[in-house]
Amino acid sequence: MNTNKFIISLFLVCTMIAAFLPLTTSHAASLEQIVQSVSNDTSSNHAANQSKSLLDRLFDLIFNKILGPVFNIMDKKDNGNSAVVVKPVPSSPNYATSDSSVLRGKVIVLDPGHGGSNPGAVANNSKEAENNLSVSLKLRSLLTQAGAKVIMTRDRDRTVAAEGSSLGQELQARVSIAEKNHANIFVSIHSNSNPNPKIAGVMTFFPSGKANLLAQEVQTQILRQTKATDKGIAPATFYVLRNTSMPSILVEMGFVTNYQEAALLRSNAYRDKIAIGIYDGIVQYFNKS
Ligand SMILES: [Zn+2]
């Protein structure tokens, strides 16, 4: 450590304390930040830092972080070599940071695909209708807690239209629930399948020719939660997307035909992650739209 440099900085610090303390604390770093960053640095134990004394670190902190920003007296090279880094507060790993109050009063129709006599895709001991319903019920409680009015097209293992109805009638029954309730958004939840068992990942569809914001936000947030393969968003002409007048999406949560993803889709923890992801995506959507 350079003794002259230290004496000069000590003098400057005394001058600062006497004359510019309010300026220093408001424009550069608070005492809390100084204590925090020194303790962070000590506990991180990087090999490069271990040889440095506490005095060295304090010197770097005072010189680079307080005097530097206020008087712009340090050259760039010294700043780059600073051993003390004021770390940003880490954001929550689980929820997106947007304001969920936007959900208050919103009418959201959740549509767990299939059910009853129509189990949807079944493979690897994973049944689509069951996965879809489980995630939808979890999503309903998250949305309801945030003040949304949630309407389910089905909340148990059954068809929506009367048993024995045609597929067209079944799908129209789901669309009609969204239309009659003047839903703000319609979210259909499905599990995917493919003859190739290697294929896995999340996809979100939106109606052809319409905006993709809801699909994009939901896809992004599901991936953030699950770290699953991104199969992207795509326009589609599925009945429930084509015939709903409000913004609508169809989420394909994963492939039951992929052994690993089938196991995940059966697990409570993974279903929670998907529900949180869709929830976060919806919050982001209402914040941006
Ligand atoms: Zn399906």
Test L103 against I108 for side chain to side chain contact (heavy atoms under 4.5 Å, CB included), laying out the working first.
CA-CA 9 Å; L103 291 177; I108 298 174; 4.2 Å; yes

Nearest heavy-atom neighbours spanning S191 and V256
CB-CG1, 4.0 Å

Looking at E261 and G201, would you say the former's side chain and the latter's main chain have a donor-acceptor pair under 3.5 Å?
yes

Please check: side-chain N/O of N181 versus main-chain N/O of A183, any donor-acceptor pairing under 3.5 Å?
no

Which value, rounded to the nearest 0.5 Å, describes the distance between D157 atom CG and S117 atom OG?
9.5 Å

For L143 and L110, what are the C-alpha separation, side-chain angles and deciding distance, and is it a side chain to side chain contact (heavy atoms under 4.5 Å, CB included)?
CA-CA 10 Å; L143 292 167; L110 297 183; 4.2 Å; yes

Here the salt bridge (Lys or Arg N to Asp or Glu O under 4.0 Å) pairs for residues 195-207, sequence neighbours left out, are none

Quick one: do the S141 and Q145 side chains pair a donor with an acceptor below 3.5 Å?
no

Does one side chain, of H114 or E128, offer a donor that lies under 3.5 Å from an acceptor on the other?
yes

Minimum heavy-atom distance F206-A211, with the two atoms named
CD1-O, 3.9 Å

Atom CG in L264, atom CG in N124: separation rounded to 0.5 Å?
11.5 Å

Quick one: does any side-chain atom of D155 pair with a main-chain N or O of L137 as donor and acceptor, under 3.5 Å?
no

Does a side chain donor of either Q216 or N212 reach within less than 3.5 Å of an acceptor in the other side chain?
no

Test V202 against every option in I233, I222, N192 by the side-chain contact (heavy atoms from CB on, under 4.5 Å) rule and name the one that passes.
I222

Does anything in residues 167-178 pair up under salt bridge (Lys or Arg N to Asp or Glu O under 4.0 Å), and if so which pairs, sequence neighbours excluded?
D111-R174, E170-R174

What pair of heavy atoms forms the shortest contact from N184 to F286, and how long is it?
CB-CZ, 4.1 Å

Less than 4.0 Å between a side-chain N and a carboxylate O, is that true for R104 and D99?
no

Could you tell me if the side chain of P207 sits less than 4.5 Å from the side chain of S248, heavy atoms only?
yes

Between R266 and N131, is there a donor-acceptor pair closer than 3.5 Å when you use the side chain of the first and the backbone of the second?
no

Please report the closest heavy-atom contact between S208 and T237, naming both atoms and the distance.
OG-CG2, 3.7 Å

Reported OG-to-NZ distance for the pair S134 and K127, which is rounded to 0.5 angstrom
12.5 Å

Between the side chains of T244 and E179, does any donor sit under 3.5 Å from an acceptor?
no

To the nearest 0.5 angstrom, please state how far the CD atom of Q225 sits from the CG atom of L223.
10.5 Å

Expected output: side-chain N287 to main-chain V283 donor-acceptor under 3.5 Å:
yes

For S193 and A121, work out which heavy atoms get closest and say how close.
CB-CB, 3.7 Å

Main-chain N/O of A269 paired to K273 side chain as donor or acceptor, under 3.5 Å:
no

Can a donor-acceptor pair be found, under 3.5 Å and without considering hydrogens, that links the side chain of R271 to the backbone of S136?
no

Check S289 against L213 and note the closest heavy-atom contact, atom names and distance.
CB-CD2, 4.1 Å

Between Y285 and I185, does the side chain to side chain contact (heavy atoms under 4.5 Å, CB included) criterion hold? Intermediate values first, please.
CA-CA 10 Å; Y285 166 77; I185 59 169; 3.8 Å; yes

With no hydrogens and no angle check, is any side-chain donor or acceptor of T257 less than 3.5 Å from a backbone partner on P197?
no

Just wondering, do L265 and I274 contact through their side chains at under 4.5 Å, heavy atoms?
yes

Yes or no on side chain to side chain contact (heavy atoms under 4.5 Å, CB included) for H190 and M253, after CA distance, side-chain angles and deciding distance?
CA-CA 6 Å; H190 288 252; M253 306 182 287; over 6 Å; no

Roughly how far, to the nearest 0.5 Å, is the CG atom of N194 from the CG atom of N258?
10.0 Å

Count the heavy atoms belonging to other residues, nucleotides or ligands that lie under 6.0 Å from NZ of K210, then report whether that count exceeds 12.
yes

Please tell me whether T204 and Q219 have a donor and an acceptor in their side chains that are separated by less than 3.5 angstrom.
yes

Is the backbone N or O of P112 less than 3.5 Å from a side-chain atom of R154, with the two atoms forming a donor-acceptor pair by type?
yes

Donor-acceptor side-chain pairing of K138 and N268 below 3.5 angstrom
yes

Ignoring hydrogens and angles, tell me if any N or O in the side chain of R224 forms a donor-acceptor pair with the backbone of D280 under 3.5 Å.
no

Give me the other members of the hydrophobic cluster that F205 sits in, counting Ile, Leu, Val, Met, Phe, Trp and Tyr linked by side-chain heavy atoms under 4.5 Å, directly or via other members.
V107, V109, I151, V160, L167, L171, V175, I177, F186, I199, M203, F238, Y239, V240, L241, M246, L250, F255

Rounded to the nearest 0.5 Å, what's the gap from CD on E252 to CD1 on I189? Could you check?
10.5 Å

